Structures are given as structure tokens and as C-alpha cells.
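Working notes for the structure below.
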Protein chains: 2
Amino acid sequence: MLSLAEENYLKAIYHLHHENNKAVSTNDLSSLLDTKASSVTDMLKKLADKSLVVYKKYQGVKLSDRGENTALKVIRKHRLWEVFLVEKLNFNWDEVHDIAEQLEHIQSEKLTDELDRFLDYPKRDPHGDPIPNKDGQFEVANKTMLSELEIGESGICIGVKDSSSAFLNYLDKQAIALGKTLTVKEKESFDQSMLVAYDNKVLRLSEQATQNLYIKPNH
Amino acid sequence: MLSLAEENYLKAIYHLHHENNKAVSTNDLSSLLDTKASSVTDMLKKLADKSLVVYKKYQGVKLSDRGENTALKVIRKHRLWEVFLVEKLNFNWDEVHDIAEQLEHIQSEKLTDELDRFLDYPKRDPHGDPIPNKDGQFEVANKTMLSELEIGESGICIGVKDSSSAFLNYLDKQAIALGKTLTVKEKESFDQSMLVAYDNKVLRLSEQATQNLYIKPNH
DNA sequence: ATAATTTTTTAGACTTGTCTAATAATTTTC
DNA sequence: GAAAATTATTAGACAAGTCTAAAAAATTAT
Ligand SMILES: [Mn+2]
Ligand SMILES: [Mn+2]
Ligand SMILES: [Mn+2]
Ligand SMILES: [Mn+2]
């Protein structure tokens, strides 16, 4: 059975690997996990000994099949608990991440699967991220960044890249939520900001905002 | 913030203290927690440094007010999660303890209180144990051991002392559940076993069984 | 009241996961 | 292609929580 620390490393390696599609560097792990690089090196050796990662000195690290499987289980739990907190316990989407970071380490396959059933097998978490099923499979959505849309194009907001409280609160304040249809009215070449229409309003969104909103484009 | 180990010690001290109403010994803690006595001594010193317990060498340990408060919070969480698992996730009462041992350490007051609300402020857990409210208060039931009842007396089964899987499974097999009315028909002085009537049957219960069933006596 | 037994504490060690400081390898710059 | 900068690893230390073995205190028995 894996420790909390080991599970967190596997999850971090999974996320970083699927961001850039190449071996994950010690420093990237160190900054994501908020630990020193030397601690990361130590842990990578341990994970390699347990055949959870493939690690060669100075060449970064990748998950083994077993490692990826384990990471997906942790991610599944994280996202299911986030759904539970929002759907059943009245939490807002900006409040759930830290608690899910704790709950994702609870060990009980029956608990996970019963929770999944209780929530009616949700496909996405409150931030739009896909929830792996019991076998680790999940649906990849057809999505682009809002910043990629051209003037006149529109699409449905289906997720956030940055799920920090700060960004989620900003979206709440602007009444931008998952499921809303956004239409690009103008793009400012000076600062890449956009005028975006939705509901009955038009709003200017900064580049930081448009580069963190996932859109399912219409057509 | 307290570690998982510290919380488990506080909870163990709480339970042992309220069993015998006297200072808790190192060996009793050691056997309940399944650690060596020397480890217990080490931890008691740490807890005393943090003013969570009152500890004097060779004289056992008691909880401070802060320590008792903390223990009650952990117990509250443990029992609320047990209710959740049974009421919402289809768990049987003999399957919930080990998972609740993990869930009781999740840190979020809002989570605990929302869970309480979601479950409709339950007063007792699946084993009949009282659930402390937000302020640590709980209802003490008027109860005796089944073994204390005289022939002809009856009462409602409201809890178990031993909540091991083995005992709970045995009760399931005999269809003895919380809420059932039991009537003592005979007591055997040789082995303290009892003939007990409930539903439409009469059953012989051993001393081990009758000393682990809590009864709310009629009148 | 001494001896024997039991309980508890101390001393020293080990594991996990982390850190700092120093060193080594790799990559970038000129 | 050497020097400089960056990235990664090693060496040695530390805190938490545990262990074994030995010593000390308390309790029980004679
Ligand atoms: Mn999250
Ligand atoms: Mn999420
Ligand atoms: Mn329990
Ligand atoms: Mn219980």
C-alpha cells in the first residue's frame, strides 16, 4: 500500500506528463509539490524501486503502467469527492480542492465505487475535468482555449485550466459558469484581451482569463 | 494542527478514560493502539508538552479540556461518516469502522458540519453510539447490558459494546438489530447464557453476547 | 518488609520524508 | 568549443513515530 506522499508524487507526475507529453523534470515536480529538488530525487528513486515510475538519472521520469493506473485511481477519487462536496454538501467550486486533496487518499475501493453510484456516475468534476471510471477510462472532450477562438465564433464553457480560488471567484463574480455559451465579439491585439458576449452582457476578459477557460466550439 | 497519530492517541485516551473513570495506563493504551509501551510513553510526553493531556510519570494520563474537546471532534467525525456509509452508500454496519478510522482525520469544520446537516443531524451511529454535536455535547442513553436483565424483563436493543465484525455478523445472522424488543425468558446459572425472545423466535445467547448488547429497559 | 513480578520509562536505533550545502551533469551562451 | 548558467544528484542532518533491550519504579506475594 502506498503512502500519501507516494500517491501525491504519482499524481503530480501524471499531470505534468500530460501537460507537455515528455518526461517530467525534477524541478517541475519540485515546484508543483512545493518541495526541494533533492527531496524529489530521493522519492523518484524509491518509486523506481517499486516499479511505479521509469527513472534514469538526469533524464526525467515517466509513470510505469502500474504507476499510471495508481495515479488515475487517485485522480478518480479526487474528482468524485469534489462532485460530492458541490452536489450534496453545498460547497462552492472554489472551496473543494483542498478537502479533495485529503479525501483522495482514503483507501477503500468499495467506498469509491459506491460514491460513484451515489453520485450517479458523473462524467466531469465541478471544474469540468473528466472523471476516470473504475477501469481508469474517461472521455476526452473536444475543447479549445477561449483565447484560440476567432471573432464571431462561439462555444460552450466546459472547464477551467487554472482552478485557483482567485480565478474561480472572479468567474463567479462575472457570472461565467460551466455550460454558458460565450461569443467572441472583439480581440484586442495590443494585450490579447477579448470582448465576450454571454447571457445579456458583453464583458472584456484579459489574456490570463481567456487562456484559462476551456470552450467546446460550436461546429 | 494535530497529526493523525496524535488524534488517535487522544481518542484512545478518551475511550479508556470513560470506560473505567480513572487515569489511563500506558499498557492499556499500548494494547488498544497496538504499539509498544515505550512508544506510548514517548507520545504522552509530546501530548503533555502541547497541553493536550495531563501526564505524570508512572501515574497514567488524563485528557486536558483541550484534549477532550479534540477527541470529541474526532469521535464526532468518525460516527457521522459511519452513518453516511450505512445510510447513503449501502454499507453494512460491520464494514464501516475501518473506513471511518481514515475519514475521521479529514480536516474541515465546514465538511463535518455540512455532512451533519446532509444526514439530518443524526443522534446515534449505526452501532448505537451517540454523536456529539458541534459543541461536543451528546445525549447519554438510559441503558443496561442485556446480561443485567432479570427473567421476564424486556427492553429495546439500542447498541453494541463490541463492534467487531465477528459480533456484528453474528447478530445479523440471528436477525438481532438495533430497535428490536428483547425479552428474557430464562437465565442459565451454569454459564450465564440466556433464552431471549424477539420477533417470533426464542434464542439462546451466550454470556459473551449478552454482555455486549445494550438495552433500554421497558419502565 | 523483603522478594518477585509487573508496569513504566529511558537509551539508542531505524524508517519515512523532508531539508541545506556541496558537487556533478547538462544545457545555453558567446 | 570553452565558459557560464541551469538543472539535478549526493552527502549529511533532522523530526515524527516507531521499535528493542535495559533500567527503574510500583505493585503484589510471601
Ligand atoms: Mn481539485
Ligand atoms: Mn477539480
Ligand atoms: Mn467505529
Ligand atoms: Mn460506531
Side-chain angles (χ1 to χ4, degrees), chain A residues 1-14 16-17 19-63 67 70-71 74 101-102 104-107, chain B residues 1-13 16-17 19-20 22-63 67 70-71 74 101-102 104-107:
Chain A
M1 232 199 46
L2 299 184
S3 71
L4 188 143
E6 290 170 323
E7 289 193 341
N8 282 336
Y9 273 90
L10 293 179
K11 197 173 48 130
I13 295 166
Y14 180 93
L16 290 173
H17 180 62
E19 248 172 45
N20 314 311
N21 230 42
K22 57 186 224 282
V24 176
S25 76
T26 301
N27 269 0
D28 285 354
L29 278 167
S30 142
S31 73
L32 182 58
L33 292 169
D34 203 25
T35 53
K36 299 297 166 182
S38 54
S39 308
V40 172
T41 302
D42 286 348
M43 180 58 95
L44 294 184
K45 286 184 199 160
K46 287 179 208 160
L47 293 174
D49 286 347
K50 296 189 177 185
S51 303
L52 292 161
V53 302
V54 179
Y55 167 64
K56 289 226 186 72
K57 269 196 204 178
Y58 294 103
Q59 298 185 210
V61 71
K62 288 190 301 185
L63 292 176
T70 308
V74 177
E101 284 293 316
Q102 301 179 59
E104 72 190 4
H105 302 292
I106 303 291
Q107 302 287 357
Chain B
M1 231 197 50
L2 299 184
S3 71
L4 187 145
E6 291 170 322
E7 290 192 342
N8 281 337
Y9 273 90
L10 293 178
K11 196 172 51 129
I13 296 166
L16 291 172
H17 180 62
E19 250 173 43
N20 315 310
K22 58 188 224 279
V24 175
S25 76
T26 301
N27 270 0
D28 284 356
L29 278 168
S30 143
S31 72
L32 181 59
L33 292 169
D34 202 26
T35 53
K36 299 296 166 182
S38 54
S39 308
V40 173
T41 302
D42 285 348
M43 181 57 95
L44 294 184
K45 285 183 198 160
K46 287 179 208 159
L47 293 173
D49 285 348
K50 296 187 176 184
S51 303
L52 292 161
V53 302
V54 179
Y55 168 62
K56 290 226 186 71
K57 268 194 202 178
Y58 294 104
Q59 298 183 211
V61 71
K62 287 190 302 184
L63 293 175
T70 308
V74 177
E101 284 293 316
Q102 300 179 59
E104 73 189 4
H105 302 290
I106 303 291
Q107 303 285 357

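All values reported here derive from a predicted model rather than from experimental measurement. Chain identifiers are assigned alphabetically (A, B, ...) following the order of the sequence lines, protein sequences preceding nucleic acid strands; residue numbering begins at 1 within each chain.
- Between A/Leu10 and A/Gly67, the closest heavy-atom pair is CD1-O, 4.3 Å.
- Sequence neighbours left out, the pairs with a member in residues 47-56 of chain A that pass side chain to side chain donor-acceptor pair (under 3.5 Å) are A/Glu6-A/Lys50.
- Between A/Gln107 and A/Leu2, the shortest heavy-atom distance links the atoms NE2-O, 4.0 Å.
- Nearest to the side chain of A/Tyr9, among D/dC19, D/dG17, C/dT18, sits C/dT18.
- Counting to the nearest Å, the P atom of C/dT16 and the CG atom of A/Leu44 are 16 Å from each other.
- When rounded to the nearest whole Å, the span between CG of B/Leu4 and P of D/dG17 equals 9 Å.
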Read 5' to 3' with Watson-Crick or G-U pairs under 3.5 Å, [ ] for crossing pairs and | for partners on another strand, DNA chain D gives ||||||||||||||||||||||||||||||

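- A heavy atom closer than 4.0 Å to some atom of DNA chain C occurs in A/Lys46, A/Tyr58, these being the qualifying members of residues 45-63 of chain A.
- The shortest distance between the side-chain N/O atoms of A/Thr35 and the OP1/OP2 oxygens of C/dG17 is not below 4.0 Å.
- When rounded to the nearest whole Å, the span between CE of B/Met43 and C1' of C/dT8 equals 17 Å.
- For a distance-only test at 3.5 Å, the side chain of A/Ser38 qualifies as a donor-acceptor partner of the base of C/dT20.
- In this structure, A/Glu7 atom CD and C/dG17 atom P are separated by 11 Å, rounded to whole Å.
- The residue A/Thr26 sits close only to the backbone: its heavy atoms come under 4.0 Å of sugar-phosphate atoms, none of a base.
- Taking both residues in full, the closest heavy atoms of B/Gln102 and A/His105 are given as OE1-O, 4.1 Å, listed atom of the first, atom of the second, then distance.
- Between C/dT10, C/dT18, D/dA8, one nucleotide has an atom nearer to the side chain of A/Asn27 than all others, and that is D/dA8.
- Atom CG of A/Asp42 is separated from atom P of C/dC19 by 10 Å (rounded to the nearest Å).
- In terms of heavy-atom proximity, A/Val53 sits nearest to A/Ala48 at CG2-N, 3.5 Å.
- For the side chain to side chain contact (heavy atoms under 4.5 Å, CB included) with A/Val40, the lone residue among A/Val24, A/Asp28, A/Asn27, A/Leu29 that qualifies is A/Leu29.
- Of the candidates D/dT20, D/dT18, C/dG17, D/dT20 carries the atom nearest the B/Lys36 side chain, counting heavy atoms from C-beta on.
- Rounding to whole angstrom units, CG of residue B/Asp28 and P of C/dT7 are separated by 9 Å.
- Considering all non-hydrogen atoms of both residues, A/Ala23 and A/Gln59 come closest at CB-O, 3.7 Å.
- Residue A/Ser39 has its side chain nearest to C/dC19 when only D/dG17, D/dT9, C/dC19 are considered.
- A/Thr41 has no side-chain polar atom (N or O) that falls below the 4.0 Å cut-off from OP1 or OP2 of D/dA8.
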